[in-house]
Amino acid sequence: MARLPSFFSNLYIRQNPKSFQGTTPQIRTRNLSIDQINGSSEEVLQHSRKPDEIFAQNQIMSVSEIAKEVADRIRTRPRWEQTLLSDFPTVNFTDPTVYNEVLRLQSNVFLSFRFYLWLRSLNGSSTDPALCNVMFSRLVQANAAYAAKNFLDDTKFEPEPQHLELYIRCLFENGLIDEALDVLDRLKLSGYCVSLETWNSALSHLVRTKRVDVVWKLYEDMMAYGVVTDINTISHLIQAFCLENNVAKGYELLQQVLEAGHAPHNIVFTKLVSAFCKNHDYGKVSAVLNNMIAKNCTPDIYTYQEVINRLCKGRMIHEGLRIFNELKNRGYFPDRVMYTTMINGLCRNKDLEGARKLWFEMIRNGIVPNEYTYIAFIDGLWRSGCIDEAEKLHKEMLNKGYGETTISFNTRINGLCLNGKVEEARGLFEEMNGKGIIRDSITYNSLIKGFSQQGKITEGMYFFNELLKNGFQPSTASFTLLIEKLCEAGHVKEAETLWLDMRDMGFEPAVLSLDPILLGLSKQGHFSEVMQWLGYMINNGARPKETTFEELIKCLSVADRVDDALYVLGSMLNMGFVLGESICHSLVDKLCRDNSHHHMGTSLEKILERR
DNA sequence: GTAGGGTTAG
């Protein structure tokens with residue numbers, strides 16, 4: 001023993017040899033060399049011919065040797081817990097140098113965790129904060145956010161700040177944003193300032209989950225800590241500005257960054273492009289594109305796709321298509337998303353033939369449509385009344401293994417409704433229930449609209465009540481159509497009641513259009529109520545439609561209520577509407593035909609002067 | 001693999 005080196009404390013004597021039958025020859029060889037250090041080389045050489053007997057005597061091994069053996073055993077033996085202590089009787093597993101090394105060597109985090117639990121079951125190690133820290137950091141390194149969180153909740157130990165910092169990033173990466181923010185707050189309270197990388201990671205995930213308010217709060221904190229930001233920080237801030245539609249600020253920040261000689265990631269440019277597109281500020285769009293090119297950040301497929309997508313959504317489909325074709329001419333190959341975007345845009349623009357052409361071109365180019373592509377095109381087919389083709393493609397989609405979803409059902413239900421096949425749509429609605437597919441507000445709104453459109457008020461009301469029962473909001477279109485059809489069917493009182501109920505339930509003003517009620521009442525000749533409702537609307541800042549005003553004026557003139565007609569006309573003009581010629585004529589005719597209203601002609605002239 | 005994209009109502 002005199003020849004042992006000074007790191008004696010890190011060496012353990014292993015006594016029980018039999019347990020190493022499963023180890024590899026390589027390990028045995030290394031054990032030999034350790035034995036040689038111990039001065040028993042002759043004996044070992046002898047035994048090396050009978051491997052099973054090599055360990056029949058005490059050996060001295062380093063911690064890393066032992067740890068390797070233990071780690072191997074944990075990895076290869078299912079029931080290692082039962083034999084570990086008896087096989088390594090002299091090893092003190094609760095010594096941090098040992099378990100640290102075993103955990104370091106154990107790449108499988110679940111096995112590490114089993115080892116940890118085993119250690120915890122040994123005496124005295126249950127509250128060892130060092131062990132907890134090691135295990136916790138292993139879980140964090142393995143990006144096992146939920147496991148790490150459960151671990152903290154169970155053990156109630158306080159990890160070291162640097163481990164918590166990594167834990168924060170791990171939580172963000174796994175989408176546990178609020179949890180991450182909590183831990184970050186805790187760290188801040190303790191006075192520990194996390195690194196720029198962690199701040200940036202937080203900002204990045206907040207931007208990705210659109211939590212703009214928290215972005216600004218964190219940024220304030222960063223400033224308070226005097227953190228020196230970098231281009232990544234600013235990139236996130238620019239995106240945050242885009243998210244809250246404060247594009248001008250984002251653009252300003254971009255210019256500052258560019259002037260300072262930095263170039264943000266392509267995505268930052270793309271987000272600005274997208275935001276400016278949304279605002280129809282195409283001059284700025286091309287300015288950003290030029291910024292990109294100047295910085296050698298060539299606009300990529302994402303950038304162009306965003307432009308095309310926004311152009312299509314902003315009803316500038318022709319411009320979108322022009323760019324799409326231009327890209328192809330310049331040798332870009334549109335990918336599946338690009339084709340989907342374009343097909344969807346064309347379908348929404350009722351250019352089914354254009355969409356169909358692209359559909360086949362895409363397939364010719366070897367791009368296989370996926371769920372998005374199918375839905376976009378199938379929806380277009382429904383809207384264009386190509387029912388059989390829509391159903392055929394739907395089957396094809398299912399055959400390709402895309403399962404039925406809320407969206408696929410909604411597309412069909414809405415498609416059937418658009419084509420008047422409401423009973424079939426109802427059948428699908430029931431089918432969803434049987435198949436356990438979630439119905440959403442789109443499902444209900446499509447059916448409300450579909451049945452109402454057919455004048456089937458009872459069914460329309462049924463789906464409306466179901467929608468409310470399930471906690472969804474009616475869409476403007478479905479609610480308006482329902483009210484309109486109620487009025488048309490003569491149930492104006494019911495429509496008024498429904499409207500008032502909805503208002504009292506606090507529904508969005510946008511949904512609550514009174515126009516159909518005004519028209520319904522006016523059709524029934526309840527003019528004093530029409531005037532009351534109109535007064536209510538005007539007082540509450542609601543804007544009746546131009547066609548509603550015109551219809552009211554017509555009805556009021558016909559009913560000889562010229563004063564009311566002129567009042568309505570005045571309100572209409574006050575709201576900035578321009579008087580249509582036919583209304584103008586019919587009103588003037590009316591007034592001139594009737595001498596008693598001659599003075600009215602004069603007041604009308606006054607009103608018309610403001611045109 | 002390396003921050004990102006497209007689908008159903010209105």
Side-chain angles (χ1 to χ4, degrees), chain A residues 172-173 200-210 231-232 235-236 238-239 242-243 264-274 277 297 299-310 312-313 320 324 334-348 355 358 362 367 369-383 390 393-394 397 402 404-418 425 428 432 437-450 452-453 463 467 472-482 508 510-511 513:
Chain A
F172 273 123
E173 273 159 35
N200 282 344
S201 158
L203 293 177
S204 155
H205 287 95
L206 289 170
V207 164
R208 268 188 256 181
T209 47
K210 304 185 171 37
I231 176 69
N232 294 320
S235 295
H236 300 133
I238 294 175
Q239 289 177 78
C242 290
L243 280 172
H265 192 278
N266 257 15
I267 189 170
V268 179
F269 290 106
T270 301
K271 287 282 154 81
L272 279 164
V273 163
S274 174
C277 278
C297 299
D300 55 20
I301 196 155
Y302 297 102
T303 319
Y304 285 119
Q305 191 221 318
E306 204 56 34
V307 173
I308 291 170
N309 189 21
R310 292 296 158 198
C312 290
K313 295 241 157 77
F324 180 79
D335 65 359
R336 181 158 57 191
V337 179
M338 193 74 119
Y339 270 111
T340 304
T341 306
M342 204 61 240
I343 288 170
N344 188 48
L346 289 165
C347 285
R348 286 307 176 99
L358 280 192
M362 173 187 75
I367 296 171
N370 68 0
E371 199 177 350
Y372 287 94
T373 329
Y374 270 112
I375 296 284
F377 190 44
I378 290 172
D379 186 59
L381 288 167
W382 280 115
R383 282 166 198 278
L393 268 189
H394 174 76
M397 180 177 82
Y402 296 109
E404 287 176 308
T405 60
T406 301
I407 295 178
S408 78
F409 263 100
N410 283 350
T411 307
R412 282 174 86 203
I413 287 174
N414 187 50
L416 286 165
C417 285
L418 287 176
L428 290 184
M432 287 176 94
I437 290 167
I438 307 287
R439 297 153 172 170
D440 63 9
S441 69
I442 299 180
T443 322
Y444 291 99
N445 279 309
S446 299
L447 287 159
I448 294 165
K449 246 188 85 197
S452 299
Q453 189 66 58
F463 286 112
L467 166 119
F472 297 117
Q473 286 226 5
S475 71
T476 310
S478 71
F479 185 69
T480 309
L481 190 64
L482 183 61
E508 283 175 37
V511 174
S513 161

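Computed from a prediction, not measured in an experiment: that's the story for all the values here. Order of the sequence lines fixes the chain letters, A, B, ..., with proteins taken first and strands second; residue numbering starts at 1 for each chain.
In this structure, K313(A) reaches the dT7(B) phosphate: one of its side-chain N or O atoms is under 4.0 Å from OP1 or OP2. Residue N344(A) places at least one side-chain N or O under 4.0 Å from the OP1 or OP2 atom of dT8(B). Distances shorter than 4.0 Å separate none of the side-chain N or O atoms of R336(A) from OP1 or OP2 on dG5(B). Contact annotation: R412(A) side-chain N/O to dT8(B) OP1/OP2 distance is not under 4.0 Å.
Distances were taken from every side-chain heavy atom of N232(A) (C-beta onward) to each of dA3(B), dG5(B), dG4(B); the shortest belongs to dA3(B). Candidate nucleotides dT8(B), dG5(B), dG4(B) were compared by shortest atom distance to the side chain of N266(A), and dG4(B) ranks first.
Side chain T340(A) to base dG6(B): a donor-acceptor pair is found below 3.5 Å. Residue side chain D300(A) reaches the base of dG4(B) through a donor-acceptor N/O pair under 3.5 Å, judged by distance alone.
Between the side chains of R208(A) and S204(A), a donor-acceptor pair is found at a separation under 3.5 Å. Between the side chains of S235(A) and N232(A), no donor-acceptor pair is found at a separation under 3.5 Å.
Identified under the salt bridge (Lys or Arg N to Asp or Glu O under 4.0 Å) test for residues 336-348 of chain A, with sequence neighbours left out: R348(A)-D379(A).
In this structure Y339(A) satisfies the ring-ring contact (aromatic ring centres under 6.0 Å, His included) test together with F324(A), sequence neighbours excluded.
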